[in-house]
Amino acid sequence: QVQLVESGGGLVQAGDSLRLSCAAAGLPFSSYIMGWFRQAPGKEREFVAEIAWNGGYTDYADSEKGRFTISIDNAKNTVYLQMNSLKPDDTAIYYCAVRSAYSRRSGYKYWGQGTQVTVSS
């Protein structure tokens with residue numbers, strides 16, 4: 001059974017930083033991509049960043065480039081999202097997800113329960 005457990009969310013002020021973590025267990029893929037998505041109130045879920053299991057590939061949404069950094073610890077099967085210079089617009093529930101490395105971005109199959117990030121102005 002695949003389990004993805006996010007942590008690290010919270011309430012911060014604009015300009016602050018947060019690091020989200022997602023611990024994975026039971027992954028059915030030997031080669032996989034782990035990603036972060038977010039959903040703000042009243043908006044659709046959107047892509048934030050993703051990384052390959054070996055760290056050899058990363059990609060970011062244009063709006064997060066330069067502020068967010070995704071990383072992975074293979075030994076712990078944990079992916080991180082370092083978020084700097086947070087803005088109120090970053091307020092959302094952040095979800096971790098995983099897909100086969102041979103699937104498209106639309107192929108994320110397993111999702112965590114989400115962690116709330118709230119940025120006050």
Side-chain angles (χ1 to χ4, degrees):
Q1 182 178 0
V2 177
Q3 288 187 322
L4 300 173
V5 180
E6 301 101 332
S7 61
L11 172 63
V12 297
Q13 294 186 332
D16 286 350
S17 298
L18 272 179
R19 189 177 81 154
L20 306 183
S21 300
C22 174
L27 294 179
F29 317 112
S30 57
S31 302
Y32 55 88
I33 306 290
M34 293 190 74
W36 287 98
F37 292 75
R38 67 185 182 186
Q39 187 166 20
K43 295 185 178 181
E44 293 186 354
R45 186 167 58 195
E46 63 178 3
F47 168 76
V48 175
E50 64 182 8
I51 188 168
W53 79 101
N54 58 5
Y57 155 80
T58 59
D59 195 18
Y60 298 87
D62 288 342
S63 58
E64 276 72 56
K65 285 181 181 177
R67 293 194 305 127
F68 293 2
T69 302
I70 192 169
S71 60
I72 193 165
D73 184 334
N74 268 329
K76 298 180 179 179
N77 272 357
T78 299
V79 64
Y80 303 96
L81 185 68
Q82 178 68 42
M83 305 186 294
N84 299 327
S85 303
L86 284 163
K87 308 172 183 177
D89 284 349
D90 294 318
T91 295
I93 299 174
Y94 284 70
Y95 297 92
C96 171
V98 66
R99 62 179 173 92
S100 165
Y102 303 102
S103 69
R104 297 182 178 182
R105 188 168 293 168
S106 58
Y108 275 97
K109 187 173 181 179
Y110 302 101
W111 295 83
Q113 81 288 351
T115 185
Q116 177 71 48
V117 172
T118 304
V119 184
S120 63
S121 57

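Nothing fancy with the numbering, it's 1 onward along the sequence.
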What are the two closest non-hydrogen atoms of P28 and V2, and how far apart are they? CD-CG2, 3.5 Å
So if you build clusters from Ile, Leu, Val, Met, Phe, Trp, Tyr with side-chain heavy-atom gaps below 4.5 Å, do V98 and I72 land together? yes
Should Y108 and Y94 be counted in the same cluster of Ile, Leu, Val, Met, Phe, Trp and Tyr side chains packed under 4.5 Å apart? no
Rounded distance (nearest 0.5 Å) linking atom OG1 of T69 with atom CD of E64: 11.5 Å
Closest non-hydrogen contact found for V12 with S17 is CG1-O, 4.4 Å
When you measure from the side chain of E6 to the backbone N and O of C22, does any donor-acceptor pair fall under 3.5 Å? no
Side chains of R19 and Q82: closer than 4.5 Å at any heavy-atom pair? yes
side-chain contact (heavy atoms from CB on, under 4.5 Å), that's the test. Do V119 and D16 meet it? Break it down for me. CA-CA 8 Å; V119 184; D16 286 350; over 6 Å; no
Group every Ile, Leu, Val, Met, Phe, Trp and Tyr by side-chain heavy-atom contacts under 4.5 Å, then state whether Y60 and M34 land in the same group. yes
Looking at every heavy atom in both L4 and A24, which two are closest together, and how far apart are they? CD2-CB, 3.5 Å
With no hydrogens and no angle check, is any side-chain donor or acceptor of S120 less than 3.5 Å from a backbone partner on P88? no
How long is the span from the OG atom in S121 to the CD atom in Q13, to the nearest 0.5 Å? 9.0 Å
Least distance between heavy atoms, W36 atom then L20 atom: CH2-CB, 3.6 Å
Taking the side chain as everything from C-beta on, heavy atoms only, tell me whether V48 gets closer than 4.5 Å to M83. no
Which residues pass the side chain to side chain contact (heavy atoms under 4.5 Å, CB included) test with A40, sequence neighbours left out? K43, A92
Return the CD1 to CZ distance between I33 and R104, rounded to the nearest 0.5 Å. 14.5 Å
Parallel, tilted or perpendicular, judged at 30° and 60°: which one describes the rings of F29 and Y110? tilted
Sorted by chain and number, sequence neighbours left out, side-chain hydrogen bond (donor to acceptor under 3.5 Å, both in side chains) with D90 holds for R38, R67
Apply side-chain contact (heavy atoms from CB on, under 4.5 Å) to the pair W53 and N77, showing each step before the final yes or no. CA-CA 8 Å; W53 79 101; N77 272 357; over 6 Å; no
Hey, mind stepping through Q116 and L11 against side-chain contact (heavy atoms from CB on, under 4.5 Å) and telling me if it holds? CA-CA 8 Å; Q116 177 71 48; L11 172 63; over 6 Å; no
I need the minimum non-hydrogen distance between F47 and D59, along with the two atoms involved. CZ-O, 3.7 Å
Quick one: side chain to side chain contact (heavy atoms under 4.5 Å, CB included) partners of T78, sequence neighbours excluded? S21, A23, K76, Y80
Pair F37-W111, side-chain contact (heavy atoms from CB on, under 4.5 Å): steps then yes or no: CA-CA 10 Å; F37 292 75; W111 295 83; 3.6 Å; yes
Flag, side chain of Y95 to backbone of Q39, donor-acceptor distance under 3.5 Å: no
